[in-house]
Amino acid sequence: MTSPDELLKLAVDVAEEAARLIVERRRGDITVADTKSTITDVVTAVDRESEELIRARVLKARPDDSFLGEEGDDVVGTSGVRWVVDPIDGTVNYLYDIPTYAVSIAVEVDGRTVAGVVVDAPKGEVFTATLGGGAFSDGRPIRVSGETDLAKALVGTGFGYDPARRQVQAEVIQQLITKVRDIRRIGVGAIDLCYVACGRLDVVFERGLNPWDYGAGALIASEAGARVGGLHGAPVSPEMSIAASPALFEPFHDLLTATDPLRA
């Protein structure tokens, strides 16, 4: 069995190559190639090009592995290893040339994430982790902030593409914003999780993230000391993802569910 460190090395090499590609392509004109769940949920040709590059590199090196990509390049393998890929996390930022977007690659073995990398492409910052091996930014160990007072917590979140969901999320924010230091909306779920890992945010939460959004970032946050999960003891999932400094998880969870546990 290939070790998590070996899987991470390949993931980092491929993610950095994809990051260089999308930054280079951004120097030209970027247009919407398609939409997904709504007219605001966009895909560019570069999303697809980046995913094709990642899939080709991974499966050339490991032809028996499975591959799950945001843009639909799914391959079922036989090795028990699956690569979960977001070729551009933060496509709307990318479209508008807002310089925060990322390549995210998580590697699962028998359904458990054992390695992950998130490359902040414009900045060149590389977040990595292996299961039980700690979390790193550009090779340096990182840890959560350790904040214990919810009133002093800087909280990150994101919004869905469906207008009805956004309305509910805005109502939740209205309830939360007077109880915490402030709220940030960066627009990149994987980066949000990495920012908890390195202490730039104290808490992040979002409903509607998919496995390619949180796969690598959740591992990185957890290995940096964050508590990561969903609502009412559930694991992180598209239903809800929360990552926080450990002392903040329960009070934030309780505050969030008090707004309306079915709608948060």
With no hydrogens and no angle check, is any side-chain donor or acceptor of S3 less than 3.5 Å from a backbone partner on E6?
yes
Assigning hydrophobic clusters by single linkage (Ile, Leu, Val, Met, Phe, Trp, Tyr; side-chain heavy-atom cutoff under 4.5 Å), is V172 placed with L154?
no
To the nearest 0.5 angstrom, please state how far the CZ atom of R55 sits from the CG atom of D74.
10.0 Å
Say whether, by atom type as modelled, one donor and one acceptor occur between the side chain of R82 and the main chain of R112 under 3.5 angstrom.
no
The reported gap from CG in L201 to CD1 in I186 (rounded to nearest 0.5 angstrom) is 5.0 Å
Salt-bridge present (K123, D120; N to O < 4.0 Å)
yes
Answer whether the closest heavy-atom distance between the side chains of V168 and R207 falls below 4.5 Å.
no
Can you get from V12 to V109 by hopping between Ile, Leu, Val, Met, Phe, Trp and Tyr side chains that sit under 4.5 Å apart?
yes
Is there side-chain contact between L7 and R62, with heavy atoms separated by less than 4.5 Å?
yes
Does some side-chain heavy atom of E17 sit less than 4.5 Å from a side-chain heavy atom of L21?
no
Checking T128 side chain against V117 main chain: does a donor-acceptor pair fall under 3.5 Å?
no
To check you understand the geometry: which heavy-atom pair defines the closest contact between A216 and G116, and what is its length?
CB-CA, 3.9 Å
Decide yes or no for E223 and T130: does some side-chain heavy atom of the first lie under 4.5 Å from some side-chain heavy atom of the second?
no
Keeping the roles fixed (side chain from E51, backbone from E70), state whether a donor-acceptor pair exists under 3.5 Å.
yes
Check each of V228, V236, L231 against I242 using the side-chain contact (heavy atoms from CB on, under 4.5 Å) test, and report the only one that passes.
L231
Side chains of S50 and R25: donor-acceptor distance under 3.5 Å anywhere?
no
Quick one: does D192's side chain have a donor or acceptor within less than 3.5 Å of a partner on A243's backbone?
no
Does the side chain of S79 pick up a donor-acceptor pair with the side chain of D65 at under 3.5 Å?
yes
Would you mind reporting whether Q169 and I173 have side-chain heavy atoms less than 4.5 Å apart?
no
Tell me, do V75 and W83 make a side-chain contact under 4.5 Å, heavy atoms counted?
no
With F252 as reference, evaluate V155, T257, V204 under the side-chain contact (heavy atoms from CB on, under 4.5 Å) test and give the passing residue.
V155
In the structure I gave you, are the side-chain heavy atoms of V196 and V144 within less than 4.5 Å of one another anywhere?
yes
Tell me yes or no: between the side chains of Q175 and E171, is some donor less than 3.5 Å from an acceptor?
no
Can you tell me how far apart OG (S66) and CG (L59) are? Round to the nearest 0.5 Å.
9.0 Å
Here the pair of heavy atoms bringing A115 nearest to P4 is CB-O, 3.9 Å
Going by side-chain hydrogen bond (donor to acceptor under 3.5 Å, both in side chains), name the residues that satisfy it together with K9, two or more places apart in sequence or in a different chain.
D13
E52 CD to D47 CG distance, which is reported to the nearest 0.5 Å:
11.0 Å
Partner of V103 under side-chain contact (heavy atoms from CB on, under 4.5 Å), chosen from V85, I88, I22, V14
I22
Which atom pair, heavy atoms only, marks the closest approach of R26 to Y94?
NE-O, 2.6 Å
Value for CD1 (I105) from CG (D86), rounded to nearest 0.5 Å, stands at 10.0 Å
Group every Ile, Leu, Val, Met, Phe, Trp and Tyr by side-chain heavy-atom contacts under 4.5 Å, then state whether L95 and V23 land in the same group.
yes
Give the C-alpha distance, both sets of side-chain angles, the deciding distance and a yes or no for side chain to side chain contact (heavy atoms under 4.5 Å, CB included) between L176 and F205.
CA-CA 12 Å; L176 295 178; F205 77 102; 3.5 Å; yes
Any donor-acceptor pair under 3.5 Å linking the side chain of N210 with the backbone of W212?
no
Closest non-hydrogen atoms of A153 and V203, given as atom of the first, atom of the second and distance, are CB-CG2, 4.5 Å
d(L150 CG, S245 OG) to nearest 0.5 Å is 11.0 Å
If we ignore angles and hydrogens, is there a donor and acceptor under 3.5 Å between the side chains of S145 and D202?
yes
Can you confirm whether the side chains of S104 and D89 place a donor and an acceptor under 3.5 Å from each other?
no
Identify whether V107 and V76 are in the same connected component of the hydrophobic contact network (ILVMFWY, side-chain heavy atoms under 4.5 Å).
no
Is there a side-chain contact between T113 and L131 in this structure, where contact means two heavy atoms from C-beta onward sitting under 4.5 Å apart?
no
Quick check: is V84 connected to I220 through a chain of hydrophobic side chains (ILVMFWY, heavy atoms under 4.5 Å apart)?
no
Ignoring hydrogens, what is the shortest heavy-atom contact between F136 and I142? Give both atom names and the distance.
N-CG1, 3.7 Å
What closest approach, in Å, do A102 and V188 show between heavy atoms, and which atom pair accounts for it?
CB-CG1, 4.2 Å
For D182, what residues pass the side-chain hydrogen bond (donor to acceptor under 3.5 Å, both in side chains) criterion, not counting sequence neighbours?
R184
